[in-house]
Amino acid sequence: MMPGPNARLATWNVESIRARHDQVITWVEANEPDVLAMQETRCGSRLFPRKAFIDLGYELVIHGGESGHGGVAFAVRDGGECAVDTSVRSIDLGIPGAVSPLDEPRSISITWRHLRLHSIYAPNGQKVGTQAHRVKLAWFSLLRQWLQLEREDHPHVIVLGDLNIAPMDVDVWDPRRYRMRNLTSPPEREAFRALMEDGLVDVVRHHYGDAAAFTWWNRRSDFYETDRGWRLDHVLTDAETASLVTIVRVDRAERQKPNSTDHAPVLVELALA
DNA sequence: ATGGTAGCTGGGCTA
């Protein structure tokens with residue numbers, strides 16, 4: 001339980017923590033992340049299955065409603081008696097001041113060690129041209145402002161989550177077919193690029209180079225079996241933190257398990273002093 | 001451009 005110089009952080013859209021409890025706990029036991037950001041937990045703290053996380057030494061921060069969709073959480077490993085303070089501080093559930101329809105439970109922000117961490121679940125957007133798609137773009141505008149404001153107080157930041165945007169052509173199995181569609185449309189990619197312009201680094205893309213790193217495969221039909229995927233789950237950091245990243249792994253083997261969530265977890269390791 | 005499935009709910013929405 002001693003956090004060494006290396007920190008392991010992961011993000012995973014679990015698509016209902018109640019339905020995926022055993023898969024997630026098994027993965028956590030095997031990979032021992034210091035921090036796991038979860039999305040699409042689909043329940044609030046009342047129904048969240050906490051026990052196995054607590055028994056493994058994790059503290060939970062939960063933000064979810066009773067609507068049965070959305071929802072995010074953090075599981076943070078207890079640092080025990082070590083000298084480094086690994087407590088969770090300054091918790092923000094959602095984006096402060098957000099009003100309907102931008103106030104759904106889609107983010108948690110915490111301070112951990114010297115880092116400001118965000119677990120983010122962006123609106124899906126459904127289809128270009130719909131109200132849901134316009135809400136998605138408005139939500140990204142709000143997220144950008146929130147992250148800008150946060151960085152004034154916390155220069156070291158890691159955004160972990162399902163942003164529901166495949167930012168580049170290499171991030172979609174058939175880029176020409178999907179260029180003008182939900183998850184890949186120009187205004188969505190512009191919203192993603194705006195976060196980069198604010199100084200965030202796409203560390204998964206950086207480490208995979210030009211190779212595909214899909215994190216989501218539609219569960220309908222044989223999209224996984226035929227590797228027709230999208231890269232929707234992201235880890236974005238400030239430049240200095242990006243320089244500390246030693247390992248990036250999309251654990252796509254999780255996706256092929258029976259009754260799996262439709263997303264693969266993404267794991268990063270940082271060399272922290 | 002479409003269809004295909006899954007979870008939460010108790011019909012239809014979200015994804």
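Only a predicted model underlies this, so the values are computations on that prediction, with no experimental measurement involved. Numbered from 1 within each chain, the chains take letters A, B, ... in sequence-line order.
Here B:dA1 presents its C1' atom at 8 Å from CZ of A:R177, a figure rounded to the nearest Å. Distance CG (A:D174) to P (B:dG3): 18 Å, rounded to an integer number of Å. The distance from atom NE2 of A:H21 to atom C1' of B:dG7 is 17 Å, rounded to the nearest whole Å. In this structure, A:D222 atom CG and B:dT2 atom C1' are separated by 14 Å, rounded to whole Å. For the pair A:Y224 OH and B:dG4 C1', the computed distance is 19 Å after rounding to whole Å. Rounded to whole Å, the distance from CD on A:Q39 to P on B:dG7 is 18 Å. Atoms CD1 (A:I17) and P (B:dG7) sit 13 Å apart, rounded to a whole Å. As a whole-Å value, the separation of A:M180 CE from B:dA1 P is 10 Å.
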Exercise for review: Apply salt bridge (Lys or Arg N to Asp or Glu O under 4.0 Å) to the pair A:R219 and A:E15, showing each step before the final yes or no.
Suggested key: CA-CA 12 Å; A:R219 69 165 65 263; A:E15 200 199 21; 2.4 Å; yes
Point to revise | Candidate pair A:R252 and A:E254, rule salt bridge (Lys or Arg N to Asp or Glu O under 4.0 Å), full reasoning | key: CA-CA 5 Å; A:R252 58 183 287 150; A:E254 281 300 310; over 6 Å; no
What are the atom names and distances for every N/O pair under 3.5 Å that joins the protein to nucleotides 13-15 of chain B?
unit_1, atom_1, unit_2, atom_2, d
B:dA15, OP1, A:R106, NH2, 3.1

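Spacing of C1' atoms, B:dG3 relative to B:dA15, comes out at 16 Å, to the nearest Å. Between the C1' atoms of B:dA6 and B:dG10, the separation comes to 16 Å (whole Å).
Relative orientation of the A:W230 and A:W173 rings is perpendicular, given thresholds of 30° and 60° on the angle between their planes. Ring geometry, A:W146 versus A:H118: the interplanar angle exceeds 60°, so the pair is classed perpendicular (tilted spans 30 to 60°).
Phosphate proximity of B:dT5 to A:S221: absent, as no side-chain N or O sits under 4.0 Å from OP1 or OP2.
More than 12 heavy atoms of other residues, nucleotides or ligands lie within 6.0 Å of CG in A:D55, so this atom counts as buried by the packing criterion.
Both the sub-6.0 Å distance and the 45° axial angle are not jointly satisfied by A:R231 relative to the ring of A:F214.
Taking for each of A:R228 and A:S16 the nucleotide of DNA chain B with the nearest heavy atom, the 5'-most of the two is the partner of A:R228.
Listed nucleotides: B:dG7, B:dA1, B:dG3. Nearest to the side chain of A:R181: B:dA1.
For the pair A:R8 and A:L267, the minimum side-chain heavy-atom distance is below 4.5 Å.
Counting any heavy atom pair closer than 4.0 Å across all strands shown, A:R20 reaches sugar-phosphate atoms only and no base atom.
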